[in-house]
Amino acid sequence: MRIRPAYAVPRSRPVRVRRRGPRRGVALALTALLLAPAACREQLAPPPGAPTSWPAALARRWAWQWQLTGPVDVSVAADVFLLDPVATTSTETAALRAKGRRLVCQVRVGTYATGDPDATRFPVAVRGAAVPGRPGSRFLDVRRWDALEPVLADRFRLCRGKGFGAVALSDVDGFRHRSGFPLGFDEQVLFNRRLAGLARRFDLSPGLVDDVTQVAALAPDFDFAVNQECVRRRECAKLLPFVDAGKPVFHVEYVGEPATFCVTSVGYGFASMRKDRRLDAWREPCPLP
């Protein structure tokens, strides 16, 4: 598991997003202003008018960037930017949208960090075991949708208010770990499908981060996939349900030479690159087919 973003303190009462034409974007921007902390209260660009679309004809040709640390480098020659929705400023998202970039926010959904400003909103009963390798992070009981939905809805609302059109859902494989709860495959699938539906309520295109063991079950519910190190782990073939459906797979490796792993990943039809594990602005993309 990699670096994950923190979250601003949102309002506890979820608001259903309705499709009501031009006024809708203004209302969402105002909502985000109220939800964000003072440090993030800049001039918010109106949200995009619809979830990010991923034309099947371009599924193999996306150039992408994944940056979670440091000021966002808006000059990177990429079509898609996967960013921390809290650390990324509305000025940065506006600059990227002005260039026609697609913006994806990364949201933790199956874990929380004790340093998150909204951490206290999770009831004690849903806080599980510590996440290995991430001090201060703990698993959540994904069976308790009633307790988790309001907090996650506000995290999605923050993404939407800052102008993101898609959300990459991370930490969605707690059933494979010692989470502190008796989570099963089917319970995890149900939770992940509910997340995809919740994202669509906020006009966000949902993406699945890792969780390759459930791709066959979940590919119909998600619009794209984000994968870490499937070449090194020898599990790229498990992502083919996305490729076969004309949906993009955004792939990253942290070790190895692109000249070597790109042959495999691009051959599968992925948008691939080499990154440092700290996920700063540096990238070395694979050539597009």
Side-chain angles (χ1 to χ4, degrees), residues 3-53 64-109 113 115-118 121 151-170 198-207 224 226 250 279-281 283:
I3 301 170
R4 300 292 188 260
Y7 296 91
V9 177
R11 298 189 307 186
S12 59
R13 180 169 61 88
V15 178
R16 182 177 295 276
V17 179
R18 294 188 174 89
R19 303 175 186 273
R20 291 192 175 177
R23 294 184 181 178
R24 186 173 137 276
V26 176
L28 283 168
L30 292 174
T31 300
L33 262 176
L34 294 174
L35 294 174
C40 297
R41 290 178 187 169
E42 304 154 49
Q43 293 182 350
L44 298 182
T52 296
S53 61
W64 76 297
Q65 166 68 313
W66 192 359
Q67 185 178 351
L68 298 183
T69 61
V72 176
D73 185 351
V74 299
S75 68
V76 170
D79 309 302
V80 179
F81 283 73
L82 177 50
L83 305 170
D84 177 338
V86 173
T88 303
T89 68
S90 54
T91 299
E92 291 166 336
T93 59
L96 290 169
R97 287 174 53 207
K99 296 180 178 182
R101 309 308 190 211
R102 285 169 159 78
L103 303 184
V104 183
C105 64
Q106 180 174 334
V107 175
R108 278 194 319 270
V109 290
D116 292 347
D118 63 356
R121 295 185 63 200
V151 186
L152 299 177
D154 284 338
R155 291 184 174 188
F156 290 179
R157 184 177 289 108
L158 177 63
C159 290
R160 188 64 185 169
K162 280 197 173 182
F164 290 90
V167 56
L169 305 169
S170 65
L198 182 64
R200 295 187 194 282
R201 277 175 45 196
F202 287 92
D203 281 345
L204 294 168
S205 170
F224 61 95
V226 178
F250 301 109
L279 294 175
D280 57 8
R283 65 193 279 273

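Basis for what follows: all heavy atoms, side chains included, without hydrogens, waters or symmetry-related copies. Counting begins at 1 with the first residue of the sequence.
Put simply, NZ on Lys99 and CZ on Phe81 are 7.5 Å apart, with the number rounded to the nearest 0.5 Å. From Leu103, atom CG reaches atom CG of Leu82 across 10.5 Å, with rounding to the nearest 0.5 Å. A distance of 9.0 Å separates CG of Asp84 from CZ of Arg108, quoted to the nearest 0.5 Å.
Judged by distance alone, with hydrogens and angles left aside, the side-chain atoms of Ser205 form no donor-acceptor pair with the main-chain N or O of Ala166 at under 3.5 Å. Checking side-chain atoms of Arg200 against main-chain N and O of Pro51 turns up no donor-acceptor pair under 3.5 Å. Between the Ser90 side chain and the Lys162 main chain, no donor and acceptor come within less than 3.5 Å of each other. In terms of modelled atom types and a separation under 3.5 Å, the side chain of Arg101 and the main chain of Ala95 share no donor-acceptor contact. The closest donor-acceptor contact from the side chain of Gln65 to the backbone of Ala78 lies at 3.5 Å or more, if one exists at all. Gln106 places no side-chain N or O within donor-acceptor distance of the main-chain N or O of Ser170, the cut-off being under 3.5 Å. At least one donor-acceptor pair closer than 3.5 Å links the side chain of Gln67 to the backbone N or O of Thr69.
Results of the side chain to side chain contact (heavy atoms under 4.5 Å, CB included) test with Trp66 over Val80, Asp280, Val226 single out Val226 as the only residue that passes. Exactly one of Val167, Leu169, Leu198, Asp118 qualifies for a side chain to side chain contact (heavy atoms under 4.5 Å, CB included) with Leu152. That residue is Leu198.
In this structure, Asp73 and Ala281 approach most closely via the heavy-atom pair CB-CB, 3.9 Å. Here the closest non-hydrogen pair linking Cys159 and Leu204 is CB-CD1, 4.3 Å.
Looking at heavy atoms from C-beta onward, Cys105 lies out of side-chain contact with Arg160 at the 4.5 angstrom threshold. Contact check for Leu83 versus Phe164: side-chain heavy atoms found under the 4.5 Å cut-off. Using a 4.5 Å heavy-atom threshold, the side chains of Leu96 and Thr88 count as separate.
Ion pair Arg155/Asp116 flagged as a salt bridge, since at least one NZ, NE, NH1 or NH2 atom sits closer than 4.0 Å to an Asp/Glu carboxylate oxygen.
Taking the six-membered ring where the residue is Trp, Phe250 and Trp64 present tilted rings, their angle falling between 30° and 60°.
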